[in-house]
Number of protein chains: 2
Amino acid sequence: MNPPAHDSQPPDAPQGLLGELHDRGLRMTPQRRLVVDAVASLGHATPEEVLTKVREVSPGVNLSTVYRNLELLGELGLLRHSHLGHGPTTWHVPSHSGHIHLLCRACGRVTEADVALADDLVGRLRERTGFLSDMEHFAVQGTCADCAASAEQR
Amino acid sequence: MNPPAHDSQPPDAPQGLLGELHDRGLRMTPQRRLVVDAVASLGHATPEEVLTKVREVSPGVNLSTVYRNLELLGELGLLRHSHLGHGPTTWHVPSHSGHIHLLCRACGRVTEADVALADDLVGRLRERTGFLSDMEHFAVQGTCADCAASAEQR
DNA sequence: CTTACTGCAAATATTTTGCATTTGG
DNA sequence: CCAAATGCAAAATATTTGCAGTAAG
């Protein structure tokens, strides 16, 4: 009778972390906590950036540990990741969600837009194909206002 | 009031290929033509798949040549690519466009939906942020109808 | 104690680059 | 001719995996 728990999390659940881990026979290690904290404080972060942050506190931590923890925490729904382009995956906490990423193909900058702007698309996709969309996972590519302006006067 | 001429190509332009190349002092090599042909016949193809197809005709062709040609033909607008998930980039001819890719996070399958379903989103993004979206470049992640159904009965 | 977890090194996957040689126009 | 393009090998980038030792509960 537990809710499917896959579209809205409590905005903040510090003890949910241990609960989720315990339920699966997993452990709370210093490295695991540091990875969560790093992602939470960085907002969006690549594995490499997470490692750098983690090593400020604990220099011995290995990159593969970061990858393994990001992966695992992602499976547990405690972290999420997005693909913002050619570069590496970026990770964030679910509470940092709520926006689509807009990647400009010209200048490469990533901006954010309210995910509610996609409600129409998400609704149509669900109606027509039954597909339940997560608009936050992939960026939308295009041309930002600035780059469109400079392209126009060419 | 002229359309910026960067969103719709003539559906098929075989001599446009040579024209585009000549205009930039570029050449039509056998490899280059084979890459275009391979992408056209494969629909969606990764660089590796393109290489395989190309080597059916010309076994000596190198993977880096494929990459270089995909990149260049992409810049010329003669090919397009999409990012469909963790795997490699996939390439297609512009005439094969017109759809959003829907990537199921559960089963990994990619389905297609009419890009017009995103007109509302594209319009809102343009109005609010000036961002000109290309919905075809990145997939939309989510859960397909089949996987949503099996998840529900868990 | 048990086994999940870690660090380390090596492997894998994808893409890019330097350079000597070939070739299209 | 000669700059564009290719093939080859090596590097760069992003991620995964095997394994022996460490540590959480």
Side-chain angles (χ1 to χ4, degrees), chain A residues 15 17-36 38-39 44-52 54-55 57-76 78-79 81-91 108 138-139, chain B residues 15 17-39 44-52 54-55 57-76 78-79 81-91 108 138:
Chain A
Q15 84 284 26
L17 207 172
L18 288 115
E20 283 279 358
L21 291 173
H22 282 190
D23 291 353
R24 307 216 189 183
L26 305 176
R27 297 167 185 174
M28 174 50 69
T29 64
Q31 294 90 335
R32 190 157 288 167
R33 175 164 300 288
L34 286 170
V35 166
V36 176
V39 172
H44 278 291
T46 65
E48 208 64 64
E49 290 165 346
V50 170
L51 181 67
T52 300
V54 165
R55 283 187 170 168
V57 179
S58 182
V61 175
N62 194 274
L63 181 57
S64 65
T65 298
V66 170
Y67 269 99
R68 281 190 275 232
N69 277 314
L70 291 172
E71 177 82 15
L72 185 141
L73 293 162
E75 280 166 22
L76 298 182
L78 301 169
L79 292 180
H81 68 275
S82 304
H83 299 283
L84 302 187
H86 289 164
T89 307
T90 68
W91 293 78
F138 288 111
Chain B
Q15 82 286 23
L17 208 172
L18 289 114
E20 282 279 359
L21 291 173
H22 280 189
D23 291 353
R24 306 218 189 184
L26 306 176
R27 297 165 186 176
M28 173 51 68
T29 64
Q31 293 91 336
R32 190 157 287 165
R33 175 165 299 289
L34 286 170
V35 166
V36 176
D37 291 350
V39 172
H44 277 290
T46 65
E48 207 67 62
E49 291 165 345
V50 169
L51 181 66
T52 301
V54 163
R55 282 187 171 168
V57 179
S58 182
V61 175
N62 194 273
L63 182 57
S64 64
T65 299
V66 170
Y67 270 98
R68 281 191 274 231
N69 276 314
L70 291 172
E71 176 82 15
L72 185 141
L73 294 162
E75 281 167 22
L76 298 183
L78 300 169
L79 292 180
H81 69 275
S82 304
H83 299 283
L84 302 186
H86 288 166
T89 306
T90 68
W91 294 78
F138 288 111

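Throughout, a chain's letter reflects where its sequence line sits, starting with A, and its residues are numbered from 1.
Rounded to an integer number of Å, the gap from A:Arg24 CZ to C:dT3 C1' is 18 Å. Between the CG atom of A:Asn62 and the P atom of C:dA9 there is a distance of 9 Å, given to the nearest Å. Here the P atom of nucleotide C:dT2 and the CZ atom of A:Arg27 are 12 Å apart, to the nearest Å. Nucleotide C:dT15 holds its C1' atom 17 Å from the NE2 atom of B:His86, rounded to whole Å. Distance, A:Leu63 CG to C:dA10 P: 16 Å, rounded to whole Å. Protein atom CG of A:Leu34 is 10 Å distant from nucleotide atom P of C:dG7, rounded to whole Å. When the C1' atom of C:dT6 is taken as reference, atom CG of A:Leu72 falls 14 Å away, rounded to whole Å. Atom CZ of A:Arg32 is separated from atom C1' of C:dG7 by 15 Å (rounded to the nearest Å).
Residue side chain A:Arg68 reaches the base of C:dG7 through a donor-acceptor N/O pair under 3.5 Å, judged by distance alone.
Taking the nucleotide of DNA chain D with the nearest heavy atom to each of B:Arg55 and A:Pro88, the more 5' of the two is matched to B:Arg55.
Looking at B:Arg32, its side chain never comes within 3.5 Å of a backbone N or O of B:Asn69 through a donor-acceptor pair. B:Ser58 contributes no side-chain N or O that, together with a main-chain N or O of B:Val54, makes up a donor-acceptor pair within less than 3.5 Å.
Atom-to-atom distance recorded for A:Asp23:CG and A:Leu18:CG is 10.5 Å, nearest 0.5 angstrom. Here the CD-CE distance, from A:Glu20 to A:Met28, works out to 11.0 Å after rounding to the nearest 0.5 Å. Atom CG of A:Leu21 sits about 9.0 Å away from atom CZ of A:Arg33, to the nearest 0.5 Å. Taken to the nearest 0.5 Å, the CZ atom of A:Phe138 stands 4.5 Å off from the NE2 atom of A:His83.
With B:Val50 as the fixed residue, the side chain to side chain contact (heavy atoms under 4.5 Å, CB included) test singles out one of B:Leu63, B:Val35, B:Leu34: B:Val35.
For B:Thr29, no side-chain nitrogen or oxygen approaches OP1 or OP2 of C:dT23 to under 4.0 Å. For B:Ser64, no side-chain nitrogen or oxygen approaches OP1 or OP2 of C:dT16 to under 4.0 Å.
Using a 4.0 Å cutoff to heavy atoms of chain A, the contacted part of DNA chain D runs 5' to 3' from D:dA14 to D:dG25.
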